[in-house]
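Input: a single structure, listed below in structure tokens.
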Amino acid sequence: MVDTHAHPPQGFIQKYVFSQDHKIIALQYLITAWIFLLIGFVFIMVMRWSLAFPGTPIPWIGRFLPADLAPNGVISGQFYNSLCAMHGTIMVFLGVVPLGVGAFGNYLLPLQIGAPDMAFPRLNMLSYWVYLAGGLLMLGSFILPGGAAQSGWTSYPPLAIINPGQTVWLFGMVLLITSSLLGAINFIVTTLNLRAPGMHLMRMPIFVWSELVAAFLLLLAFPPLEGAAIMQLMDRIAHTSFYVPKDLVVLGMMHKASGGGQPLLWQHLFWFLAHPEVYVLLLPPMGIVAEIIANNTRKPLHGYGTIVASMLSIGAMSFIVWAHHMFVSGMSATLSNFFLVTTMIISVPSVAILTCLIFSLMGGSIRFTTPMLFALAFLPMFGIGGLTGLPLGLTVTDIYLHDTYYVIGHFHYVVVTGSIIALMGGTYHWFPKWFGRRMNDALGRFHFWGTLICMNCVFFPMFILGLAGQNRRYYDPTAHLHDLPTQPLHVLSSVAAWLLFLVQLPFIYNFFHSIWRGEKSEENPWKATTLEWACPSPPPHGNFTETPLVWRGPYEYSPEGLKTDWLPQNADPRSLEAA
Amino acid sequence: MKSIYGWGLPVEASTYAKDVDFGIRLIHAAMFTIFILWAIFFVYLLVRYRRREGVPAKRDPEHHGIFSASLIPDLIVMLFEIALIFFYAIPVWSRIKGHAPDVPPANRIDVVAEQFAWNIHYPGADGKFGRTEMDKIHFSNPLGLDYSDPAAKDDIVLANELHLPTGRPTLIRLTSLDVIHSFWIPSFRIKQDIVPGMAIPLWVEPDRPGTYELSCAQLCGFAHSLMRATVIVQTPEDYAKWLKSAAPSVAAASTNTGQSW
Amino acid sequence: MNDAAAPHGHPPPNVKLYMMIFAALMALTVLTVLVSYLHLPRSLGIPAGLLIAAVKGGLVAAFFMHLKGEHKLIYACLGILLFCALGFCLMPLDVHLVRQESLHAPVAAQVAALSAERR
Amino acid sequence: MSLPQAATAPAIPAPVSSGVSNAKLGIWLFLASEVMLFSTLFTSYVVLRMGAASWPRGWEALNVPLATLNTIVLITSSVSMVMAYARAVQRDLPGFRKYMAITIGLAYLFLIFKCYEYGSHFEHNEWPSTSIFHAVYFTLTGLHCLHVIGGIIVNSTLYWMSGKNFDHPLFLGRVEAAGLYWHFVDIVWIFLFPAIYLI
């Protein structure tokens with residue numbers, strides 16, 4: 001193998017397109033994932049029209065939609081289901097996970113442990129391109145014959161077997177899973193093998209821990225979905241019956257299959273992946289929040305050990321809680337009790353992390369920088385998301401709330417006002433690292449307040465809708481009597497969603513404008529202690545000019561006997577004494 | 001008629017609705033309390049420890065290991081959850097899902113879901129369901145009832161209309177012809193997925209006569225949101241009267257089961 | 001055949017041992033096929049087949065994959081794997097329990113009888 | 001808090017790497033994910049078999065003698081793989097190539113037998129869609145065959161590279177990694193064989 005660090009790549013293609021440098025790959029991930037998030041957002045904005053004003057044509061956009069999907073500009077049930085399935089898939093598999101792991105993890109993990117690059121740079125590049133291929137295939141399914149998948153992102157068979165469009169979705173998933181596996185192996189090996197001298201496991205920043213746990217979850221939870229997807233592909237292509245029971249009659253026609261399969265098997269396998277997946281969505285943003293909070297309170301995190309232990313136990317527990325998504329699915333009532341107990345247990349470490357982050361504020365000297373605003377907003381928002389998980393995790397109350405808008409509100413509070421808020425904060429925080437320039441602060445603050453208010457107006461009404469009994473995945477809520485009184489809430493939610501989009505425009509402008517025109521930043525603008533700030537911004541090929549030595553833990557803020565209020569991990573105590 | 005639906009939980013119309021609502025109300029009260037206290041503390045911290053010139057941050061006392069003061073609120077949450085599990089969730093769950101009351105054959109109903117309609121099948125006066133066969137399924141005979149079977153003669157088959165009596169439990173056997181549906185009556189606080197290939201029993205005892213709504217709660221295709229039925233809860237006398245009036249008109253009922261969509 | 005000491009980080013090969021394992025694997029393969037020709041009842045045949053397979057797989061893992069005496073980090077990774085894979089046991093358990101529950105609940109039993117009657 | 005270890009002379013931070021090479025750790029992690037993949041399929045097999053009204057015994061529906069032969073072929077190839085590794089450690093290029101060629105050849109032999117087996121099923125009009133048993137049989141063995149093909153590609157690449165790169169410091173690590181993968185494919189078959197054909 002050639003030592004790639006000795007020879008920086010030459011030429012535009014080598015340097016920026018097929019780059020093996022973790023920083024370039026991370027930025028590719030960053031831009032691609034934000035674009036996918038935007039696409040997923042556009043999908044939901046279209047869907048929200050159907051929810052707020054069912055049966056009326058969509059203004060402007062409606063006339064550009066094909067007549068079979070949206071006759072007279074009115075969204076059909078089939079098209080709504082496609083948008084719904086693709087919204088979920090894109091947001092989870094193409095947006096938040098690649099952003100938290102592929103972009104932030106890829107850029108920061110090697111830097112924070114003092115490594116020159118990832119352990120397997122070529123795999124890293126492959127991981128991005130496979131991800132992009134999977135993403136484009138998913139998007140392309142809209143124009144392929146059969147259209148996009150329309151069985152929800154959960155793809156429950158037998159619906160997913162008889163619906164068109166699903167085959168492309170499954171191929172796309174296989175690609176995305178492959179990409180995640182490559183990334184996960186790379187992350188674990190890098191973290192375990194490439195740490196700088198002195199970087200013991202218990203000196204690693206929380207963000208690195210979160211990525212390590214997330215990588216293990218990706219590594220071990222994705223293959224079951226791959227296996228399940230292979231079986232669903234066989235059901236669709238080779239007409240096997242893994243998930244198809246005997247004697248189905250679909251719209252008056254006999255479904256030709258040998259039968260003998262079990263629809264619940266898919267649900268078990270899918271949620272076996274998808275619950276750990278929730279923590280893949282959540283842990284890296286939590287790590288980002290921990291970094292930003294430690295930096296802006298100017299004091300060490302409260303309970304570093306507690307947070308690490310909690311993350312590890314969340315990771316372990318997340319493999320045995322999956323069936324709390326299936327309490328009313330027809331699975332065993334006895335087994336439900338088991339999953340009820342494990343679900344309540346897994347809430348304990350989550351509460352511990354949140355409490356540690358709040359206690360970290362105590363005694364601090366809090367700087368309300370733009371990234372800190374996002375990190376602070378994460379705490380109450382994730383709190384709401386976590387608390388509303390309680391009635392859903394409890395078997396009895398889940399009978400009523402299962403598959404209602406309450407669920408939608410719950411997980412959007414966790415993933416959107418939690419993870420995405422944190423990822424936005426992370427973007428502001430590490431932007432100077434990536435480009436050597438800062439993003440505009442005034443625009444950033446406007447973006448923050450607009451986003452926070454709009455997001456709450458979008459998602460909070462969903463709890464009320466859910467309590468009133470409104471079901472998810474209806475394209476026309478007014479078809480049901482019990483959903484009529486709450487219809488104004490849908491209008492509120494939709495309007496807020498459209499406003500939320502407008503509020504993102506300054507962010508997009510700010511991001512691209514600042515890359516070239518932003519205010520020049522110092523090397524360590526936030527006066528941070530972790531190793532990523534110990535190299536130039538943006539870091540050169542190979543990151544560190546000399547391998548850093550790590551003398552202490554990650555958050556040595558405000559130590560006694562120093563003039564400055566931060567002591568970087570790599571600051572040599574001998575030279576400090578001399579000074 | 002005044003609407004029984006509003007911005008809050010719908011009217012409680014079954015014997016176990018109160019139990020479910022108790023949990024929902026209790027948890028929400030606890031959630032609000034926790035969140036409000038927590039938010040006050042949070043805002044206090046933000047104000048009290050904002051950055052001020054000349055006031056450096058104060059570090060916590062050094063400590064190692066995985067235990068810290070943050071685990072104290074955790075302990076309280078944990079105790080609350082343990083209480084919920086053992087004094088609420090498990091007992092009520094086993095009452096609703098674990099045991100089904102023993103009912104006479106006359107109190108049994110078959111619900112056969114299909115895209116996108118609810119077929120309700122009553123055994124009729126003899127308490128026996130007629131045989132169904134797949135290849136007899138037809139637009140006019142959505143269940144494929146074999147009318148040569150004597151048990152089928154008095155069977156009542158309705159589309160999108162479910163009659164239930166108050167005052168005694170009814171056992172419903174849920175099956176699906178095609179994909180997964182979910183049997184969901186908000187006012188009864190029941191929801192149960194209907195999985196093709198499985199026959200899932202479900203019991204319910206309505207305690208408030210009136211008209212309610214049965215919806216499908218699991219994505220089942222392009223017209224998922226139009227898949228609904230009317231639930232008519234009657235006193236035992238009215239119900240018996242209705243059964244009588246419905247029974248002789250078997251042939252009429254079975255030809256009038258056009259799908260609503 | 002001389003066995004050389006492997007460079008640092010690579011397990012030293014032991015050809016004599018490999019040949020012994022080879023012989024054992026062949027013997028076990030023959031054994032498992034012979035057992036299957038006895039046409040044992042499933043309650044015996046399935047555990048016997050899986051037990052022999054586990055021994056064979058263990059031999060390959062321990063000696064061909066040099067898992068015996070491997071670094072403890074690898075053991076740690078496999079430990080995590082084992083923990084996560086244990087979750088799979090809950091899926092067959094669910095199928096079993098659903099059947100059990102429908103046997104115990106009196107009404108569900110009626111339902112089951114009814115289903116049998118109708119099909 | 002005062003500066004850590006301010007009183008005594010601070011120890012120079014020592015390297016903290018795990019002591020397992022990147023390639024070896026990476027391949028073991030990959031194998032861990034593969035174990036999860038095959039566990040999924042085995043679990044599905046168990047679940048489907050438990051739910052099935054009847055399930056044919058392997059010898060009633062499948063060609064056990066041919067599968068036994070295939071088991072012997074694959075185990076032998078695993079032995080020749082480990083011999084190739086031993087030769088690579090001994091810096092014996094011709095020996096390495098000889099055993100590698102045997103390994104690849106046996107892998108092809110396995111596939112040929114497998115193709116024959118599939119072919120005779122197709123001739124009897126038995127397809128994955130025929131029954132749930134056939135679905136399990138074709139999918140599990142088919143996925144295993146894909147892994148055998150993957151192994152052939154990896155091993156052939158190593159064989160082809162060995163001329164130029166035999167003395168490269170990382171070459172031995174790659175042989176070891178390829179060996180680990182190949183033995184894993186062997187282990188999967190060791191479980192598949194009784195699970196599908198014998199019990």
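Reminder, nothing fancy here: chain letters follow the sequence lines and each chain counts from 1.
Ring planes of A:Phe270 and A:Trp266: parallel class, angle under 30° (limits at 30 and 60°).
Interface residues of residues 117-134 of chain D toward chain A, defined by a heavy-atom distance below 4.5 Å and sorted by number: D:Pro128, D:Ser129, D:Thr130, D:Ser131, D:Ile132. Within residues 25-35 of chain D, the residues having any heavy atom closer than 4.5 Å to a heavy atom of chain A are D:Leu25, D:Gly26, D:Leu29, D:Phe30, D:Ala32, D:Ser33, listed by residue number.
With hydrogens and angles disregarded, a donor-acceptor distance shorter than 3.5 Å links the side chain of A:Gln569 to the backbone of A:Arg203. Formation of a donor-acceptor pair under 3.5 Å by the A:Ser241 side chain with backbone atoms of A:Ser258 is found in this model. Using a distance-only test at 3.5 Å, with no hydrogens or angles considered, no donor-acceptor pair links the side chain of D:Ser17 to the main chain of A:Leu194.
Contact of A:Phe222 with chain D is not made at all, since no heavy-atom distance falls under 4.5 Å. Contacts of A:Leu123 with chain D are absent, with no heavy-atom separation under 4.5 Å from either backbone or side chain. Of the two parts of D:Ser39, neither the backbone nor the side chain holds a non-hydrogen atom closer than 4.5 Å to a non-hydrogen atom of chain A. With a threshold of 4.5 angstrom between heavy atoms, A:Val550 approaches chain D through N, CA, C or O but not through any side-chain atom. For A:Ala257, no part lies under 4.5 angstrom from a heavy atom of chain D. Interface remark: D:Ala53 contributes no atoms to any contact with chain A (heavy atom separation under 4.5 Å). Heavy atoms closer than 4.5 Å to chain D are found nowhere in A:Ala184, neither backbone nor side chain. Only the side chain of A:Leu269 comes within contact range of chain D, with at least one heavy atom under 4.5 Å from a heavy atom of that chain. Residue contact with chain D, scored on non-hydrogen atoms closer than 4.5 Å, involves the side chain of A:Leu265 exclusively.
Options A:Lys256, A:His239, A:His268 differ in how many heavy-atom pairs under 4.5 Å they form with chain D, and the most are formed by A:His239. The choice from A:Leu549, A:Val244, A:Leu220, A:Thr547 that makes the most heavy-atom pairs within less than 4.5 Å of chain D is A:Leu220.
Here A:Trp566 and A:Tyr555 keep their ring centres 6.0 angstrom or further from each other. For D:Phe110 and D:Trp189, the ring centers sit closer than 6.0 Å to each other. Taking the six-membered ring where the residue is Trp, the centroids of A:Phe216 and A:Phe319 are separated by 6.0 Å or more.
The minimum heavy-atom distance linking A:Gly114 with A:Ala196 is given by the pair O-CB, 3.8 Å. The shortest heavy-atom contact between A:Pro121 and A:Gln20 is CB-O, 3.4 Å. Nearest approach of D:Ile152 to D:Trp182, heavy atoms of both residues: N-CZ3, 4.3 Å.
Applying the side chain to side chain donor-acceptor pair (under 3.5 Å) test between D:Asn22 and each of A:Asn193, A:Asn186, A:Thr190 identifies A:Asn193 as the sole match.
For the pair D:Asp167 and D:Arg91, the salt-bridge criterion is met [side-chain N within less than 4.0 Å of a carboxylate O].
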